[in-house]
Protein chains: 2
Amino acid sequence: MTVQIDPASDRAVYRQIADYLRGEVERGEREPGAQLPSESQLMSAYNVSRVTARRALGVLVTEGLVVAEHGRGWFVRRRPPVKRLGSDRFSRRAEGKAAFTVDMEASNRRFRVDVLDVGRGPAPIEATTRLGLDAGAETVVRRRLYFAEDQPIEVATSYIPLDVADGTPIDQPNPGPGGIYARMEDKGMTFDRYEEEISARMPTQEETRLLRLPPGSPVMHLVRTAIADGRPVEVCDTVMDAAAFVLHYRLPA
Amino acid sequence: MTVQIDPASDRAVYRQIADYLRGEVERGEREPGAQLPSESQLMSAYNVSRVTARRALGVLVTEGLVVAEHGRGWFVRRRPPVKRLGSDRFSRRAEGKAAFTVDMEASNRRFRVDVLDVGRGPAPIEATTRLGLDAGAETVVRRRLYFAEDQPIEVATSYIPLDVADGTPIDQPNPGPGGIYARMEDKGMTFDRYEEEISARMPTQEETRLLRLPPGSPVMHLVRTAIADGRPVEVCDTVMDAAAFVLHYRLPA
DNA sequence: CTCGTGAACTTGTGTATACGAGTCTAAGTA
DNA sequence: TACTTAGACTCGTATACACAAGTTCACGAG
């Protein structure tokens, strides 16, 4: 194992080790149930003390990615966190500043919204499936961060088929009054219903940063498919600080 | 600070310290935002090394209860995990074995259900509020554990007003075929709708044990109020292993 | 009064060491 | 063959120490 660790880096050594192992797990190079290097292997591979090796593993425990088995070793969790939607391209671009900011009034509360990223690009497989598109198809992608009282509480990514957005400012940072739904209605579309899937999991590193989450804080994950005129016209992937929200639903019996 | 720690106990010292601090937080003796003892104060109070004191605090970090601020100290999290429903009396009684076990067929999957506890007792304030009862009113309480493929996935507690259960076996471990809803329909009741609230949080200790959760694994929390003939007839508080479930909803537009 | 500095606290990161306890395997014994 | 045991591995818990870095506050200089 080559040494990828820079002790002079700003980032603590144990975090660098955790980053490396996390990358291997997230890229699928270590599958669920697979054994990780033992603590003593980490000690010699990275030239650190056992305390530091264990601290690296402890980070991944807090993230729900790995578990220890006494006397046996460390393993990638068998029931991994729910599959994430996410686009690499837009994840990277969202590192920068907000492209656009608006204030909106919703449910009697003022929200600030930072539009992190807007553009056209390939959608993740989970989104194309829900939209009824071919795998890897291009869509309009809108990524934004919602605030309540200057606290970031929600990061949302929408995927809209190109033909739905066509001829509208939906692919622009500011889609105009009423947002993208209003633009779709301008085109004569009528919304039928929403299909939603709700799950909870530990946040990714990026979500921890964007939502300013303390360690050990789960997020709720809401994937909403909007259906208009009988066809899916938007998949909206929303990640919320779980401590900040309770969702209320009313279902017919 | 008196020493409540037993080094000879089976339970590790750092866990005992964590238990004590957790209790103070959960009982409200340390409010959100309040400062915890510093690491050196814990060292002298419990006569342990700094590593052990930090390990105790690390447990509470993983549970999402406390945060550290560099150079300032340790604090109870300001946005605490969503309020839990829960009845002390029944939590204690549920420690034992299942009172009753049934197999049920649901959505093409076989479930095993352990009925942990059934009886009459005071309901928590959150349940009485939803049921429109006075605070501390008695209800029928049914607590049960659901399994899928011998994995515990769900612990559910139902609170039913006494007059709704009256004259039925709803307050018995086995309420008969079709469960308690069938018994209510036997009485001529018609279900109108459900109101649900969904949140996510880190599990309590008891939930971790019952659901066999690895550390760092969040739970989803579903509170469902069933309404029949215009009045709430049951509050069902369900805690699920978040990694095992995705909830699907269809909402009218 | 304002500003800056230093001391005394806090947590963050890292080392080395020790022993307990669970798991696995291979060698040895009945 | 079947069982036991010893050894070598694993993680679990705990001690003691060191230095870096952030926060707070009081004191002194201007």
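Values below: all heavy atoms of this structure, side chains included; hydrogens, waters and symmetry mates excluded.
Atom CE of B:M202 is separated from atom CD of B:E63 by 8.0 Å, given to the nearest 0.5 angstrom. Atom CZ of residue A:R30 and atom CD of residue A:E24 lie 4.0 Å apart, to the nearest 0.5 angstrom. Taking CG of B:L57 as the start and OG1 of B:T62 as the end, the distance is 11.0 Å to the nearest 0.5 Å. Atom OG1 of A:T139 and atom OH of A:Y159 lie 7.0 Å apart (nearest 0.5 Å).
Straight-line distance from the CD atom of A:Q16 to the P atom of C:dT13: 12 Å, rounded to whole Å. Between the P atom of C:dT15 and the OH atom of A:Y46 lies a distance of 14 Å, rounded to the nearest Å. Going from atom CD of B:E39 over to atom P of D:dT23 covers 16 Å, rounded to whole Å. Atom pair A:D10:CG and C:dG12:P shows a separation of 17 Å (rounding to whole Å applied). With rounding to whole Å, A:R11 atom CZ is found 18 Å from D:dA20 atom C1'. Regarding A:N47, its CG atom lies at a distance of 16 Å from the C1' atom of C:dT13, rounded to whole Å. The interatomic distance linking A:R15 (CZ) with C:dG14 (P) rounds to 9 Å, in whole Å. Atom OH of A:Y14 is separated from atom P of C:dT11 by 15 Å (rounded to the nearest Å).
OP1 and OP2 of C:dC9 both lie 4.0 Å or more from every side-chain N or O belonging to B:S38.
Under the side-chain contact (heavy atoms from CB on, under 4.5 Å) test applied with A:Y146, the options A:V113, A:D114, A:T238, A:L211 reduce to a single match, A:V113. No option in B:Q35, B:Q41, B:E69, B:E39 other than B:E39 meets the side chain to side chain donor-acceptor pair (under 3.5 Å) test with B:W74.
A heavy-atom distance below 4.0 Å to DNA chain C is reached by these residues of residues 67-74 of chain A, ordered by number: A:H70, A:G71, A:R72. Residues from residues 48-59 of chain A with heavy atoms under 4.0 angstrom of DNA chain C, sorted by number: A:V48, A:S49, A:R50, A:V51, A:T52, A:R55.
Around the CD atom of A:E29, the shell of radius 6.0 Å holds more than 12 heavy atoms that belong to other residues, nucleotides or ligands.
Toward the 5' end of DNA chain C, the nearer of the two residues A:A12 and A:M43, judged by each one's closest nucleotide, is A:A12.
Side-chain atoms of A:R201 and A:E207, non-hydrogen and from C-beta on, do get closer than 4.5 Å to each other.
For B:S158, the side-chain hydrogen bond (donor to acceptor under 3.5 Å, both in side chains) partners two or more places apart in sequence, or in a different chain, are B:R144, B:E234.
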